[in-house]
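Down below is the structure, laid out as structure tokens.
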2 protein chains.
Amino acid sequence: MDNVTIKDIARALNLSTSTVSRALRGSYEINPETKRLVMEYAERLNYRPNPIALSLRENRSRAIGVIVPQIANYFFSQAINGIEAIAYNRGYHVIIFQSHESFEREVTNVEQSMARKVDGLLISLSSQTSDVSHLRNIQQRGVPIVMFDRISDEIETTRVVADNFSGAFVATEHLINTGRRRIAHITTQPWMSITQERLAGYKAALAQYGVPFDEELVRYGGFSREEVQPVVEDLLTLPNPPDAYFAAGDRLALGCLSVLRQRHISVPDQASLIGFTNLNVADMLSPALSTVVQPAQEIGQTAAECLIELIERKQKGVEFKTVKLPTQLIIRESTELIS
Amino acid sequence: MDNVTIKDIARALNLSTSTVSRALRGSYEINPETKRLVMEYAERLNYRPNPIALSLRENRSRAIGVIVPQIANYFFSQAINGIEAIAYNRGYHVIIFQSHESFEREVTNVEQSMARKVDGLLISLSSQTSDVSHLRNIQQRGVPIVMFDRISDEIETTRVVADNFSGAFVATEHLINTGRRRIAHITTQPWMSITQERLAGYKAALAQYGVPFDEELVRYGGFSREEVQPVVEDLLTLPNPPDAYFAAGDRLALGCLSVLRQRHISVPDQASLIGFTNLNVADMLSPALSTVVQPAQEIGQTAAECLIELIERKQKGVEFKTVKLPTQLIIRESTELIS
DNA sequence: TTGTAGGCGTTATCAC
DNA sequence: GTGATAACGCCTACAA
């Protein structure tokens with residue numbers, strides 16, 4: 001019924017498989033009449049070359065591995081959306097792995113993707129990853145890697161990120177310009193690239209406007225709202241508590257907002273709040289939270305483009321680059337989540 | 001460096017590839033000493049069987065295709081999360097396709113997944129799909145299909161869904177029990193399975209409690225908040241406007257809430273609102289919106305389990321089933337999104 | 001212009 | 001207990 005092969009066509013048309021193969025690929029050295037015959041027959045039988053046979057022969061899978069901490073996360077699912085769009089246009093398929101924020105799982109994922117013989121790897125590091133020898137390893141074996149969002153500079157690859165520095169700078173600048181001086185920064189694990197870049201932007205803005213940097217206003221931690229609660233509460237007990245909060249993530253921002261409301265601190269009248277959000281705020285919370293929006297989908301697209309570029313030019317010498325995509329600061333006047 | 005094959009091992013150990021193959025697979029008819037030798041050497045060289053060669057030989061890809069309307073949607077990304085978990089445990093990888101709510105894209109996706117020779121297909125129909133001949137087609141070619149969430153009964157397969165009827169019934173029942181009588185139902189396209197099941201639950205609850213059904217209170221439409229706005233506004237102009245809203249989706253619920261707030265209609269004091277939400281409410285909006293929560297991840301897991309079951313028992317006769325997973329009604333007292 | 005043969009990595013079958 | 005061979009589907013030197 002299905003599963004037509006070149007052999008079937010050859011047999012039916014009394015040709016050799018090589019002739020059929022060549023005809024199908026439009027080789028010039030073939031009789032136009034034969035070519036037509038083959039093409040028509042193939043069309044009629046709905047012939048599709050077997051990608052697995054091709055993979056075996058060409059020693060490539062036309063698949064790219066994607067390792068993310070979590071699929072069920074708005075930033076990453078949007079990024080994957082972008083990756084999928086590019087990959088399928090270029091004839092690659094996308095194999096998804098989740099590290100679940102665990103270093104061990106990430107290492108396993110890398111191994112699995114190698115076992116699957118992916119042509120290249122897109123990865124956003126787990127929050128527990130600081131050692132990247134598992135990546136260096138496969139890179140040495142000739143597998144191209146592109147890191148996105150959560151990157152490492154301990155390995156030379158193409159990197160695609162949001163412009164975290166500028167995003168943090170602009171957000172902090174806005175807070176300062178609206179009169180805030182005690183700006184808390186609630187952020188992620190200190191060893192993560194995104195943490196460092198955002199902290200740098202935050203510090204740079206403070207410095208530029210002559211606002212003193214206070215170590216106590218910077219808090220590192222996990223993602224969940226539960227973990228944020230005590231942090232914010234502790235900040236509120238400071239002799240000189242914050243008059244603004246800059247949260248390095250959507251869940252951090254929501255957790256922060258939650259505590260402030262519990263304490264009847266009105267936002268943004270008594271304290272400002274800006275989130276560095278992975279959330280599609282326009283869709284979910286747009287009229288509410290002031291945010292620095294990351295171009296999740298574009299990051300995915302760009303990363304996929306870069307990776308495919310690397311895959312297809314593997315021989316011709318590679319130059320790695322770091323792409324920074326702009327973020328967007330959106331300031332909301334309202335304190336309501338839905339206005 | 002890498003890409004060790006059976007041949008390499010055979011050559012190094014002065015054995016034939018067949019012996020190595022057998023040793024590796026732990027065949028009984030092999031000299032224990034030889035076996036040990038091979039195993040050790042393979043271990044040392046970090047030998048991994050080439051899955052592509054295996055696929056070619058066994059005529060299976062150990063991949064399952066997953067077609068969803070959108071990855072960047074909380075319900076589907078959670079479902080994929082569940083699918084991934086099961087699939088990788090069972091040694092399958094997951095190839096993702098998006099239909100973008102387009103029938104044509106969906107048909108293309110099905111074709112692509114066939115060309116990729118997936119061993120089975122998991123699909124949630126696009127909102128534009130009513131004809132399912134593309135699925136019947138591949139099913140006849142022996143490819144197992146499991147439909148989840150958005151299903152069709154025009155084709156005989158295993159189906160995995162939330163118990164939409166009960167969810168809608170319980171939600172409507174709650175609204176009635178709290179004194180509501182004019183309960184609007186804002187829902188999705190009328191031909192979709194989820195729409196019909198939820199409508200049925202809604203009607204059943206009305207009937208059971210003797211509340212008259214009013215056709216005018218049921219509104220079908222698109223997903224976006226922009227599309228909801230005019231619908232709710234129109235409902236408000238009715239001579240006898242709703243005192244409760246039951247929205248068949250997270251974005252529908254948020255859009256609805258948004259309009260009500262604009263009109264200064266307090267929720268739930270002046271009007272109740274329950275959403276049939278795909279959103280992980282516990283994570284994002286939990287203290288806020290009353291919802292019927294769908295077990296997205298479980299749906300994905302169950303669907304994947306059923307599919308793999310079908311794949312691996314393909315020969316031994318199949319019996320299709322429909323799995324309904326329970327939903328959970330969560331009632332929030334507060335009108336605030338974040339309390 | 002077309003056909004033959006060999007190989008990609010693996011395993012099953014049949015010899016020895 | 002081990003080895004040679006063929007086959008999965010495709011492509012491409014090389015031959016004719």
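What you see is a predicted model, and the numbers here were worked out from it, not measured in a lab. Chain naming here is simple, since letters A, B, ... match the order of the sequence lines and numbering starts at 1 in each.
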Candidate pair A/Arg313 and A/Glu309, rule salt bridge (Lys or Arg N to Asp or Glu O under 4.0 Å), full reasoning = CA-CA 6 Å; A/Arg313 301 198 172 210; A/Glu309 186 88 348; 3.4 Å; yes
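Among the heavy atoms of the strands lying under 4.0 Å from A/Thr34 are primed sugar atoms or P, OP1, OP2 only; no base atom is included. Within the nucleic acid shown, A/Asn50 comes within 4.0 Å of sugar-phosphate atoms alone, with no base atom in reach, counting heavy atoms only. B/Leu54 comes within 4.0 angstrom of the backbone, heavy atoms only, and of no base.
Atom pair B/Arg25:CZ and D/dG1:C1' shows a separation of 17 Å (rounding to whole Å applied).
Screening residues 93-115 of chain B for salt bridge (Lys or Arg N to Asp or Glu O under 4.0 Å) gives B/Glu101-B/Arg150 as the qualifying pairs, with residues at least two apart or on separate chains. Within the structure, salt bridge (Lys or Arg N to Asp or Glu O under 4.0 Å) contacts touching residues 74-94 of chain A (residues at least two apart or in different chains) are A/Arg90-A/Glu312.
The side chain to side chain contact (heavy atoms under 4.5 Å, CB included) check on B/Thr34 picks up B/Leu15, B/Thr19, B/Asn31, B/Val38, with sequence neighbours excluded.
Between its opening and closing five pairs, the helix from C/dT1-D/dA16 to C/dC16-D/dG1 changes axis direction by 60°, a value rounded to 10 degrees.
Reading DNA chain C from its 5' end, the first and the last nucleotide to sit under 4.0 Å from a heavy atom of chain A are C/dT1 to C/dG9.
Of the side-chain N and O atoms in B/Tyr28, none sit less than 4.0 angstrom from OP1 or OP2 of D/dT2. Dashed line: the shortest gap from a side-chain N or O of A/Lys7 to OP1 or OP2 of D/dA7 is not under 4.0 Å.
Checked against the 6.0 Å centroid criterion, the rings of B/Tyr41 and B/Tyr47 do not qualify as a close aromatic pair.
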Please tabulate, one pair per line, each protein N/O and nucleotide N/O from nucleotides 3-6 of chain D that are separated by under 3.5 Å, including the distance.
unit_1	atom_1	unit_2	atom_2	d
D/dG3	OP2	B/Ser16	N	2.9
D/dG3	OP2	B/Ser16	OG	3.2
D/dG3	OP2	B/Thr19	OG1	2.4
D/dG3	N7	B/Arg22	NH2	2.6
D/dG3	O6	B/Arg22	NH1	2.9
D/dG3	O6	B/Arg22	NH2	3.0
D/dA4	N7	B/Ser18	OG	3.1
D/dA4	N6	B/Ser18	OG	3.0

